Amino acid sequence: MTSETYKFSQASTQYYFDAAFSNLKKIADSRAAIIITDENIFNAHEAKLKGWNVIVLKAGEEFKVQATVDTIIEQMIEMEADRKTTLVGIGGGVITDITGYVASVYMRGIGFGFIPTSVLAMVDASIGGKNGIDVGVYKNMVGIIRQPSFILHDLKLLESLPESEWQNGFAEIIKHACIKDAAMFSELEQHSVSDYRRNRKKMASLIKRNALIKIKVVQKDEFEKGDRKLLNFGHTLGHALENQYELSHGQAISIGMTYASLISAQLLGFKDAEKVIAVLEQYGLPTYAEFDKQKVLEVLKMDKKRVKKEMSYVLLDRIGKGVIQPIALKQLDKIITAL
Ligand code: GLY
């Protein structure tokens, strides 16, 4: 098992890209660690978790809320967790977000690491240090930026994922290609989810390439003053849709990327909106969608990227080059209503 260290402003993260779940015992002391996972992961991997302290949560974004934080903290107190305890989040984005958040506030901060178990968590949710919870329909409204001390990838964990989970992860991969990597966009155009599912080596290299895109962006702009905002491509509308409709994160941001590409065509003369939409469809993701525009715009206006009457919107200048464009809320209202 090899590891690579990436430095952030206040901490470093050790990445184990080619590891196995069983390597966890070399990284964390099972007596001083508490694993946080959800029922699905626990049921699928119970044998691997023998000998570890485990807190099992109900699965789903609806549990990424303060009430769950309270129950985790109560269980940690019962388990006599102290400042030397390490929390290990094993799961998708909900688990990594809530684990990092609890670790950041318990006794004013203890160590934590992740074993992401979905494509989306490996290429995106586990990386970057944003940890938090939702409040009502407002996603990630409360949280903190604090980096995990390690992230371990075991690609075997992806084998049992349903197709929809793969598609979910590819939404973030396509996002990275759109904003930062035109060559990867061309590679994606030539393949499909099933090609990557069949070829673990190809998938491992795609996951690492995507993790590195995100790591580099975060290293340069951890507190989202500039370039990190590019990672929100598709997310402004996506987040507004996600908690109001029965959509996965990947599906919601896919619709968000579709509309952001169309807005890019209108405002910046972006020529390849149809190419972006075609790739999203090729990976089984929804694009054009019927939604209650007024209702969604109301939520969108509360987005963290809004400053007074303007929204920082991520658009595409060309494939591989995302740009941040302030758009007046009135203008955005008009454009989205007309699309
Ligand atoms: N934890 C996700 C992020 O920092 O973007």
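Worth knowing before you read on, the calculation uses all heavy atoms, side chains too, and leaves out hydrogens, waters and symmetry mates. This structure is a prediction, so every number in the text was calculated from the model and none was measured. First listed ligand is number 1; within each ligand, the first listed atom is number 1. Along the sequence shown, residues carry numbers from 1.
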Nearest-neighbour protein heavy atom for atom 5 (O) of ligand 1, which is reported as residue plus atom name and distance: Lys214 NZ, 2.5 Å
Tell me, which protein residue and heavy-atom name are nearest atom 3 (C) of ligand 1, and how many Å apart are they? Ile127 O, 3.0 Å
Can you tell me if Gln66 and Asp70 form a side-chain donor-acceptor pair at under 3.5 Å? yes
For ligand 1, the portion of Arg228 having any non-hydrogen atom under 4.0 Å away: side chain
How does Ser126 reach ligand 1, by side chain, by backbone, by both or by neither, if only non-hydrogen atoms under 4.0 Å count? neither
Ligand 1 contact on Leu231 by region, counting heavy-atom pairs under 4.0 Å: neither
Please indicate whether any nitrogen or oxygen in Asp124 is less than 3.5 Å from any nitrogen or oxygen in ligand 1. no
Mark up the atoms of ligand 1 that fall under 4.0 Å of a heavy atom belonging to Gly129, in ascending order. 4 (O)
Would you confirm whether the ring centroid of Phe112 sits within less than 6.0 angstrom of the ring centroid of Tyr106? no
Met203 reachable from Tyr16 in the ILVMFWY side-chain graph, under 4.5 Å edges: no
Is the ring pair His239/His235 parallel, tilted or perpendicular, if the boundaries are 30 and 60 degrees? perpendicular
Could you check whether atom NZ of Lys293 has more than 12 heavy atoms from other residues, nucleotides or ligands sitting under 6.0 Å from it? yes
Under 30°, 30 to 60°, or over 60°: which ring-plane class applies to Tyr283 and Tyr196, parallel, tilted or perpendicular? tilted
Say whether Asn131, considering both its backbone and side-chain N or O atoms, lies within less than 3.5 Å of an N or O atom on ligand 1. no
